[in-house]
Amino acid sequence: MALITGSSRGIGLAAAVALAREGFAIAVNGPADDAELKAAVGTVQRAGVRAVAAPFDVTDLSAHDHKLGEIEDALGPLTTLVNNAGVGVMQRGDPLKVSEDSYDRCLAVNTKAMFFLTQAFARRLLARDRDVSLFHSIVNVTSSNAVAVAEPRSEYCVSKAAAAMVSKAWAVRLGRENIAVYDVQPGLIATGMTAPVIAQYEERAKAGLTLMPRVGQPEDMGGIIASLASGKLPYTTGQAISADAGMLVPRF
């Protein structure tokens, strides 16, 4: 059973479908119980698994444990958390002009919510007897901007670099509990967040920015997330997966 935050669209929805195809029951999350979330639940159910809507704002830390309890009442004990919910900057531009509101929003959603939802999830796992035959994991979706700066989105980069450390910190704490933690770092992916600039990304990918000359699709990320969550990389934890078609490979 898996909860995937921010799964009403984009990478999150692709991950939900990919996990469903692996046989996971899925809690589909979005900030509101709206038509988009209902449609996403229907999409996942068509993969032949149980799926429920789990609407909540990930930045509402006080709601985390209660919402996890509701999900487990509906689906049974969770084995998997995919922290995918994220936001971009409020306005691209010079770091000299970044607003405090945009900075705080990026850190609140992309970093703080990830840390504390992981904490609430981990506490639930450790408070009960777990089926040792089941793989338990947390997969965090950060960004290649955890490593490489995009000047017009500096506050976003800061939040993703911090989120990458969230993954490492929890991998250290939860390794001895046999709970794996991974950090998937997408590169140029065609999503709603990148829609305004995807044409530029496509041209830069073809020109050699990425080693494979194309932008990625949500389904590419979904397949990676599902492989990690289903234990197909045994004896691993703490890894950062550069899902960027080789964009960050050093070269001359």
Side-chain angles (χ1 to χ4, degrees), residues 1-60 63-64 67-88 109-110 113-114 117-118 121 134-143 182 184-196 198 201-202 214-232 241 243 245:
M1 274 65 77
L3 164 63
I4 304 167
T5 66
S7 49
S8 59
R9 66 172 84 171
I11 291 172
L13 179 54
V17 171
L19 280 167
R21 289 172 178 161
E22 292 287 338
F24 284 76
I26 304 292
V28 183
N29 166 258
D33 191 9
D34 55 15
E36 182 177 67
L37 184 61
K38 289 181 173 64
V41 171
T43 297
V44 175
Q45 288 174 335
R46 285 193 287 277
V49 300
R50 289 179 297 150
V52 298
F56 66 93
D57 180 350
V58 294
T59 66
D60 183 1
H64 286 176
K67 292 298 182 181
L68 290 171
E70 288 184 343
I71 292 164
E72 293 195 324
D73 286 345
L75 295 179
L78 287 164
T79 61
T80 308
L81 170 64
V82 179
N83 281 305
N84 168 75
V87 295
V109 178
N110 299 345
M114 176 188 290
L117 185 57
T118 298
F121 176 74
L134 298 177
F135 187 71
H136 292 77
S137 68
I138 297 160
V139 182
N140 297 326
V141 180
T142 63
S143 170
Y182 301 102
V184 177
Q185 299 183 349
L188 310 179
I189 312 299
T191 66
M193 186 183 295
T194 62
I198 198 64
Y201 284 171
E202 288 172 344
R214 69 175 179 89
V215 300
Q217 299 299 316
E219 291 73 21
D220 296 323
M221 302 302 104
I224 292 168
I225 293 165
S227 293
L228 295 169
S230 56
K232 292 182 178 176
I241 311 298

Quick note, side-chain hydrogen bond (donor to acceptor under 3.5 Å, both in side chains) partners involving residues 77-88, not counting sequence neighbours, are Asn83-Thr118, Asn83-Asn140
Can you tell me which residue pairs pass the salt bridge (Lys or Arg N to Asp or Glu O under 4.0 Å) test with a partner in residues 6-18, sequence neighbours excluded? Arg9-Glu36
For Glu202, salt bridge (charged side-chain N to carboxylate O under 4.0 Å, His left out) partners two or more places apart: none
Please list, chain by chain and in numerical order, all residues satisfying side chain to side chain contact (heavy atoms under 4.5 Å, CB included) with Arg50, sequence neighbours excluded. Met1, Ala25, Leu75
Pairing residues for Thr191 by the side chain to side chain contact (heavy atoms under 4.5 Å, CB included) criterion, not counting sequence neighbours: Ile11, Ile189, Met193, Thr194, Pro218
For Arg214, what residues pass the salt bridge (charged side-chain N to carboxylate O under 4.0 Å, His left out) criterion, not counting sequence neighbours? Asp220
What is the minimum heavy-atom distance between Val52 and Ala74, and which atoms define it? CG1-CB, 4.2 Å
If the condition is salt bridge (charged side-chain N to carboxylate O under 4.0 Å, His left out), which residues does Asp57 pass it with, not counting sequence neighbours? none
Please give me the minimum heavy-atom distance between Ala51 and Val44, naming the atom from each residue. CB-CG1, 3.7 Å
Distance col, row Gln45:CD vs Thr43:OG1, nearest 0.5 angstrom, shows 9.0 Å
Please name all residues satisfying side chain to side chain contact (heavy atoms under 4.5 Å, CB included) with Ala39, sequence neighbours left out, ordered by chain then number. none
Derivation and outcome, side chain to side chain contact (heavy atoms under 4.5 Å, CB included), residues Val82 and Val184: CA-CA 10 Å; Val82 179; Val184 177; over 6 Å; no
How long is the straight-line distance from CD1 of Ile224 back to OH of Tyr182, given to the nearest 0.5 Å? 13.5 Å
Heavy atoms only: give me the nearest Ile225-Val141 pair and the separation to one decimal. CD1-CG2, 3.8 Å
Separation of Glu70 CD from Phe56 CZ (nearest 0.5 Å): 9.5 Å
Note: Ser8 and Gly30 closest approach over all heavy atoms is OG-CA, 4.5 Å
To check you understand the geometry: which heavy-atom pair defines the closest contact between Ser230 and Ser227, and what is its length? OG-O, 3.4 Å
Is there a salt bridge (Lys or Arg N to Asp or Glu O under 4.0 Å) between Lys38 and Asp33 once you walk through the steps? CA-CA 7 Å; Lys38 289 181 173 64; Asp33 191 9; 3.1 Å; yes
Set out, in order, the CA-CA distance, both residues' side-chain angles and the distance that settles side chain to side chain contact (heavy atoms under 4.5 Å, CB included) for Leu117 and Leu81, then state yes or no. CA-CA 9 Å; Leu117 185 57; Leu81 170 64; 4.0 Å; yes
Mind checking salt bridge (charged side-chain N to carboxylate O under 4.0 Å, His left out) for Glu22 and listing every partner two or more places apart, or none if nothing turns up? Lys232
For Thr142, what residues pass the side chain to side chain contact (heavy atoms under 4.5 Å, CB included) criterion, not counting sequence neighbours? Met114, Ala146, Lys160, Ala163, Asp183, Gln185
Verdict with supporting geometry, Ile4 and Val28, side chain to side chain contact (heavy atoms under 4.5 Å, CB included): CA-CA 6 Å; Ile4 304 167; Val28 183; over 6 Å; no
Got a second to check how far Phe121's CZ is from Leu3's CG, nearest 0.5 Å? 8.0 Å
Ala54 and Ile71: which non-hydrogen atoms are nearest, and at how many Å? CB-CD1, 3.8 Å
Euclidean distance, Glu219 CD relative to Met221 CE, rounded to 0.5 Å: 10.0 Å
Could you walk me through whether Arg21 and Leu19 pass the side chain to side chain contact (heavy atoms under 4.5 Å, CB included) check? CA-CA 5 Å; Arg21 289 172 178 161; Leu19 280 167; over 6 Å; no
